[in-house]
Amino acid sequence: MKYNHLEIEKKWQNYWYGKKVFRTPELRELDKSKPKYYVLDMLPYPSGDGLHVGHPEGYTATDIIARFKRMRGYNVLHPMGWDAFGLPAEQFAVKKEIHPRIGVDECVIRFRSQLQSLGFAYDWDREINTTDEKYYKWTQWMFLKIFNSYFDEREQKAKPIKELKIPEDLTEDEQYEYVNSQRLAYISESPVNWCPELGTVLANEEVPEQIEKGFTVVRKPMKQWKLRITKYAERLLKGLDGLEWPENIKKLQTNWIGRSEGATVKFKIESEEFKGEKDIEVFTTRPDTLFGATYMVLAPEHPYVNIITTKENRDKVNKYTETAARKSDMERTELEKTKTGVFTGAYAINPVNNEKIPVMIADYVLMGYGTGAIMSVPGHDERDMEFALKYELPIIPVVVPENMKEEELERYYNDVKTGKVCFTDNGYSVNSGFITGLPTAKAKAKVIKWLEEKRLGKGSINYKLRDWLFSRQRYWGEPFPIIHLENGKIKALKEEDLPLTLPKVNSYKPSGTGESPLALISDWVNTIDNETGLKAKRETNTMPQWAGSCWYYLRYIDPSNDEIFCSKENDEYWMPVDQYIGGSEHAVLHLLYARFWHKVLFDLGYVSSDEPFQKLFNQGMILGEDGVKMSKSRGNVINPDDVIRDFGADSMRLFLMFMGPLEATKPWNTEGLAGMNRFLNRVWRLIIDDKTGNINPNISIAESDLKQKKLLHFTIKKITHDIEDGDMKFNTSIAQLMIFVNELYKLENISISVLENLILLLSPFAPHISEELWSLLGHQETLANEKWPQYNDELTKADKITIVFSVNGKVRGKKEMDTDLEDKELEQAALDDESVRKHIYGKNIVKIIVVKNKMVNIVVK
RNA sequence: GCCCGGGUGGCGGAACUGGUAGACGCGCAGGACUUAAAAUCCUGUUCACUGCAAGGUGAGUGUCGGUUCGAUUCCGACCCCGGGCACCA
């Protein structure tokens, strides 16, 4: 009987899923004396193309961990589900003119059966789908919680909006406005990235992907929902410290949040256009260079531009702001090589020296960052320098590098003034009044103190992070549980009215006007507010795809609870996720959004952990056989179905892990895959006689000899450590299994207990063949519930060791010797070695270095 | 430009806290079995020079330099590749 992967794999998949071997019991049925382990894959999007080889790579890794932890006696939670709202499903529906639900259901069936054909040990009873009404009811519920919360700055946490202190002496309308201005979810009219082809707005971070696909993106002012993630900037940053995440992902998030310390400084404005006092605040990270500020620049969108611009400058300013508004972010940054700007006719007064400096507008200053206005210090900022040179604005050096010699100073000043040198590092302040002579750090502190005393500014921290653009003009997403009353006010639905389900529509195409297709369904849109009897229209935007995946890991824990998204008891037992694995393409977006969402739930008391994902690992990409990214157009896509049919799921799993460390990007190789199949065949024939189907006659129940034992125990140790240490280098585990099998082939008699252990060690990697061999050896039950083999550390040590003899660092001889010999014995053995003697003959021995159990190095001259 | 990774045989990769570079697999070459092929098994496989041979000598982990008895591993400078950010003041 030959190894027949098709038959065996089908058989064991039916067994596992039929008997629900990997079902995680309800909390009350669980043996809570055991430790828990929550191992999670990133929620896949079930696309029409089916599974890609990249998917099973990460899933195999988590599956190995899940099966291993289970055998180690943990209560393991290993679930799977679907992220199915969003553009791809909707575009498929538009094209085929079917309801997106139909397409999604088909894709889910396909994905599920593909995943099952790989034998993954998921608990399918906990499967979730973000597009189920029962699921998105809770997404909407959480949105209401966010909407009905504000951020308490003092405590740095979200609180229910009911607890918000409303300033007295406000009218009813003002109170309403004030409350809305504090909510964590709010509507704002601001320029957004509008994509005419898709008929929707895109978040900044989604823009590059769509442009790559050939779509155009333009700036357009629109009313949009946003979530106040910026309030959590500091906590999102600090929280990274305690997480066991790859350093580069932490760095990526850190850069994305982009914290910078500095000061805001008020400048008085003088303009013929108005009388009285007006200030403009700027943000700077270098308050120590304030004496070198020679002009001010406002972003074209700055609200003061219209107010301060003088008559004679109005035309060119208007022209400039209009051009800037039409440009997309892309054009304003990347495509722009030289800086442009115009003079407003107004002047600002530098608070430290009362110098009158011109106020310019230029689109190299961004409205979205800081205050939308800067003080320009061309001597010590490259962008300002470039602009100053072009428009012939003065440059004043106010910082000198450390260690600059006196005789070099004159030349340095000249170089800065003429634009030859732009020194942006820290140094010492010069020409700077009361901070002259101070090093940069001290100068900064002194200026901030001075500004604060005079109430002209203050120390300040800025973040690059922007609020999360949370609405899309699409059909296929969670509807907002919000109505717009005829009196112009907005109102949230009550929790008991959830879910607010999607209505049936005739067309899923965007309305074209910038509104979602929902806007055309008047039955659905028009409603009446029960409380006030006022007519109302429903919000027709839907939530972005990220919403559902912000909390799915909580639903797995308690998937059928109708009372709450997840009970407190379940949350406390299972959270946080112990190991999270997915692609690094989600390094900032999903992982940052989910952390934010989770922190809000934490602040409001719905979850017990501050961070959801304790340990994170990013799998690398799998390239085509030609070493480039797999793509349909290149025709180098590997279909997992074909691989499983030709070589089997076990071979595929094994090869995916054997290719290299999990995080590495590596090319697929079908011949390498065949090698894995060959290895499994060798394991099979080690135990089973190909012709008769019987167990090989050289296998006996006799106790194994010491050599076998040592090999076994060494292998157990190696594999146990490999899975436990979190490095995800399963390639070396598999190599060790191969060595083990190769050695066993050399033996005349093999102990059955050694083979049983081999099968158990192999089982997390190649579970189907392992189950089959296990049962052929006479076991009635699945090995999934067996105990993981234990090793005796004494037996993992070799008793003979090859000692290397070298002369002047060059290997000249080696000898098998007992372990733990004294230095003197090793030294003598080296000196006795024939080849060593040849190389030291006639030379002086300077020194002999002995490294126990390793080597002897003789230094001669 | 800035911030992360990474450069090891023909290929994927291995090498514990500085101590035999190339584990394991693929490929390739030779051999065995076979009428033949497939499958399987055995042997070899970093490069150069040298030897009939066992072997010997030298070089070698992107480049150059340093520390050390000894460096893929530590330090410095540079080159190349991949990823991320990109006028964030």
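Each chain gets a letter, A, B and so on, in the order its sequence line appears, and its residues count up from 1.
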Length of the line joining Glu724(A):CD and C16(B):P, which is rounded to integer Å: 20 Å
Sugar-phosphate, base or nothing in reach of His380(A), heavy atoms under 4.0 Å: nothing
Short N-O contact, Lys666(A) and Glu57(A), less than 4.0 angstrom: yes
Touch class at under 4.0 angstrom, heavy-atom based, for Ser806(A) against every strand present: nothing
Sugar-phosphate only, base, or nothing, as touched by Leu252(A) at under 4.0 Å among non-hydrogen atoms: sugar-phosphate
Nearest-angstrom distance, C1' atom, U57(B) to U63(B): 26 Å
Sugar-phosphate, base or nothing in reach of Met676(A), heavy atoms under 4.0 Å: sugar-phosphate
P atoms of A77(B) and G82(B), separation to the nearest Å: 24 Å
Cationic N near anionic O, under 4.0 Å, Lys717(A) to Asp793(A): yes
Spacing of Asn248(A) atom CG relative to G6(B) atom P, expressed in whole Å: 9 Å
Of Asp833(A), Ile858(A), Leu831(A), Asn857(A), the residue whose pairing with Phe805(A) passes side-chain contact (heavy atoms from CB on, under 4.5 Å): Asp833(A)
G19(B): pairing nucleotide in any strand, Watson-Crick or G-U under 3.5 angstrom: C69(B)
Short side-chain N/O contact from Tyr369(A) to OP1 or OP2 of A89(B), under 4.0 Å: yes
Assigned glycosidic conformation for G31(B) [threshold 90° from 0]: anti
Sugar-phosphate only, base, or nothing, as touched by Asp384(A) at under 4.0 Å among non-hydrogen atoms: nothing
Lys/Arg-Asp/Glu bridge criterion (N-O < 4.0 Å) met for Asp288(A), Arg286(A): yes
Between C1' of G12(B) and CD of Glu663(A), the distance in whole Å: 14 Å
Contact under 4.0 Å: Arg685(A) side-chain N or O vs C41(B) OP1/OP2: yes
Rounded distance (Å) that lies between atom C1' of C87(B) and atom CE of Met385(A): 16 Å
Sugar-phosphate only, base, or nothing, as touched by Met659(A) at under 4.0 Å among non-hydrogen atoms: sugar-phosphate
Atom pair distance, as rounded to whole Å: CZ in Phe740(A) and P in A23(B): 21 Å
Aromatic plane relationship, Tyr593(A) with Trp468(A) - under 30° parallel, 30 to 60° tilted, over 60° perpendicular: parallel
